[in-house]
> 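Quick one: the structure is below, and I'll ask about it shortly.
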Amino acid sequence: MRDATRQTVVWEALRAVLADRVAATGRRSLDIVDAGGGTGGFAVPLAKLGHAVTVVDPSPDSLAALERRAAETGVGVKGLQGEAADLGELLRPDSADLVLCHSVLEYVEDPAGALGAVRGILRAGGAVSVLAANPVATAIHRSLAGHFDEARQVLSDAAGRWGDRDPAPRRFGRDALAALVTKAGFTVGDVHGVRIFADLVPGMLAEGDPDGLIALERAAAAHPVLRDIATQLHVIAYR
């Protein structure tokens with residue numbers, strides 16, 4: 001239930017994008033690519049909705065788990081091994097209606113190049129869903145854990161990292177993420193905050209009123225202050 005609460009805002013934004021694209025194209029089944037989609041947490045539910053979904057991921061173990069998950073759900077999802085930067089080599093140009101790029105830009109060697117590859121496979125009018133870690137939230141979380149020096153380091157570090165042991169190579173504030181997406185040739189649409197309260201509220205309280213927490217996340221997602229302290233920032237952008 002906690003995971004569902006954390007993902008509600010993202011799923012609602014994706015459903016709105018899908019509905020708009022279905023209306024624009026007249027096709028009920030859209031072509032979706034999940035770059036770095038791993039074991040299919042988004043891909044399998046999207047395939048269950050009737051869309052043609054391809055996952056591109058560098059991990060063969062994740063792709064094997066994706067295949068098992070899809071089979072257990074009774075849907076077909078195509079898995080291809082590769083990095084986000086390889087999309088242009090693995091897939092045809094102008095072949096996707098929607099590309100998911102979730103928790104990818106923090107880790108790839110060249111975030112701008114990855115977004116350029118995403119744009120290359122998108123059809124005109126297609127959308128990209130970008131989900132990326134926010135350094136402001138990381139500073140808050142490190143401080144709540146008592147790591148005040150690390151929290152201060154996040155705020156002063158250009159990449160938004162708290163130290164050499166930080167597993168994330170980089171994080172993006174809202175302005176930096178929007179600028180990166182825009183420079184790659186996209187038109188930025190909605191920007192939402194994801195996991196604003198869900199990662200701060202104690203588990204017992206979250207489980208006691210999950211519907212209330214979801215309603216709070218919805219209300220806060222586009223709030224001009226609260227959005228910018230979210231654990232992740234969610235950008236919908238268009239080609």
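By convention here, the first residue in the shown sequence is residue 1.
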> Quick test of your reading: applying ring pair (Phe, Tyr, Trp, His ring centres under 6.0 Å), list the pairs with at least one residue in residues 52-77, sequence neighbours left out, ordered by first then second residue.
none
> Considering only heavy atoms from C-beta outward, does the side chain of Leu91 approach that of Val33 to under 4.5 Å?
yes
> Linking Ile, Leu, Val, Met, Phe, Trp and Tyr through side-chain heavy atoms less than 4.5 Å apart, which residues share a cluster with Val154?
Trp162
> Do Leu90 and Leu100 belong together in a cluster built from hydrophobic side chains that touch within less than 4.5 Å?
no
> Output the distance between atom CG (Asp157) and atom CG (Asp166), rounded to the nearest 0.5 Å.
8.5 Å
> Among the clusters formed by ILVMFWY side chains lying less than 4.5 Å apart, do Leu122 and Val130 turn up in the same one?
yes
> Rounded to the nearest 0.5 Å, what separation is found between the CD1 atom of Ile214 and the CZ atom of Arg218?
6.0 Å
> Could you list the residues that satisfy salt bridge (Lys or Arg N to Asp or Glu O under 4.0 Å) with Arg15, not counting sequence neighbours?
none
> Any non-hydrogen side-chain atom of Phe197 less than 4.5 Å from a side-chain atom of Thr231?
no
> Would you mind reporting whether Leu233 and Leu131 have side-chain heavy atoms less than 4.5 Å apart?
no
> Would you tell me whether Thr138 and Arg171 have side-chain atoms, one donor and one acceptor, within less than 3.5 Å of each other?
yes
> Can you see which heavy atom on Val108 is nearest to which on Ala114, and at what distance?
CG2-CB, 4.2 Å
> Which residue pairs satisfy the ring pair (Phe, Tyr, Trp, His ring centres under 6.0 Å) criterion with at least one member in residues 68-89, sequence neighbours excluded?
none
> With a 3.5 Å distance limit and no angle check, can you tell me whether Arg170 reaches the backbone of Gly160 through a side-chain donor-acceptor pair?
no
> Less than 3.5 Å apart, which donor and acceptor atoms pair up between the side chains of residues 182-191 and the rest of the protein, not counting sequence neighbours?
unit_1, atom_1, unit_2, atom_2, d
Thr182, OG1, Ala178, O, 2.8

> Using the rule that two of Ile, Leu, Val, Met, Phe, Trp, Tyr join whenever any of their side-chain heavy atoms come within less than 4.5 Å, decide whether Leu14 and Tyr238 are in one cluster.
yes
> Can you measure from OG (Ser59) to CG (Leu63) and round to the nearest 0.5 angstrom?
6.5 Å
> Do other residues, nucleotides or ligands put more than 12 heavy atoms under 6.0 Å from the CD atom of Glu12?
yes
> Same cluster or not: Leu144 versus Leu213, using hydrophobic residues (I, L, V, M, F, W, Y) connected whenever any side-chain heavy atoms lie under 4.5 Å apart?
yes
> Please find the pair of heavy atoms, one from Val128 and one from Cys101, that lie closest to each other, and give the distance.
CG2-CB, 4.3 Å
> Going by ring pair (Phe, Tyr, Trp, His ring centres under 6.0 Å), name the pairs with one or both residues in residues 69-93, residues two or more places apart or in two chains.
none
> Same cluster or not: Phe172 versus Val181, using hydrophobic residues (I, L, V, M, F, W, Y) connected whenever any side-chain heavy atoms lie under 4.5 Å apart?
yes
> By salt bridge (Lys or Arg N to Asp or Glu O under 4.0 Å), which residues pair with Asp61, not counting sequence neighbours?
none
> Could you list the residues that satisfy salt bridge (Lys or Arg N to Asp or Glu O under 4.0 Å) with Arg227, not counting sequence neighbours?
none
> Show which side-chain atoms of residues 75-87 pair as donor or acceptor with protein atoms under 3.5 Å away, not counting sequence neighbours.
unit_1, atom_1, unit_2, atom_2, d
Gln81, NE2, Pro58, O, 3.2
Asp86, OD2, Glu83, N, 2.9

> Is there a side-chain contact between Leu155 and Pro135 in this structure, where contact means two heavy atoms from C-beta onward sitting under 4.5 Å apart?
no
> Please tabulate, for the side chains in residues 35-55, all donor-acceptor contacts under 3.5 angstrom to protein atoms that are two or more places apart in sequence or on a different chain.
unit_1, atom_1, unit_2, atom_2, d
Thr39, OG1, Arg69, NH1, 3.3
His51, ND1, Leu30, N, 3.0

> What are the two closest heavy atoms between Pro169 and Ala159, and how far apart are they?
O-CB, 3.7 Å
> Holding to salt bridge (Lys or Arg N to Asp or Glu O under 4.0 Å), I want the full list of residues that pass it with Arg142, two or more places apart in sequence or in another chain.
Glu150
> So does Arg195 pair up with Asp199, basic N to acidic O under 4.0 Å?
yes
> Where is the tightest heavy-atom contact between Ala222 and His192, given as atom of each residue plus distance?
CB-CD2, 4.4 Å
> Is any side-chain heavy atom of Asp31 closer than 4.5 Å to one of Leu98?
no
> Run the numbers on Asp94 and Arg123 for salt bridge (charged side-chain N to carboxylate O under 4.0 Å, His left out), then give the verdict.
CA-CA 4 Å; Asp94 305 328; Arg123 296 182 175 119; over 6 Å; no
> Using a strict cut-off of less than 4.0 Å between a Lys/Arg side-chain nitrogen and an Asp/Glu carboxylate oxygen, indicate whether Arg21 and Asp97 qualify as a salt bridge.
yes
> Tell me, which pairs form a side-chain hydrogen bond (donor to acceptor under 3.5 Å, both in side chains) where one or both residues lie in residues 99-108, sequence neighbours left out?
His102-Ser129, Ser103-Gln232
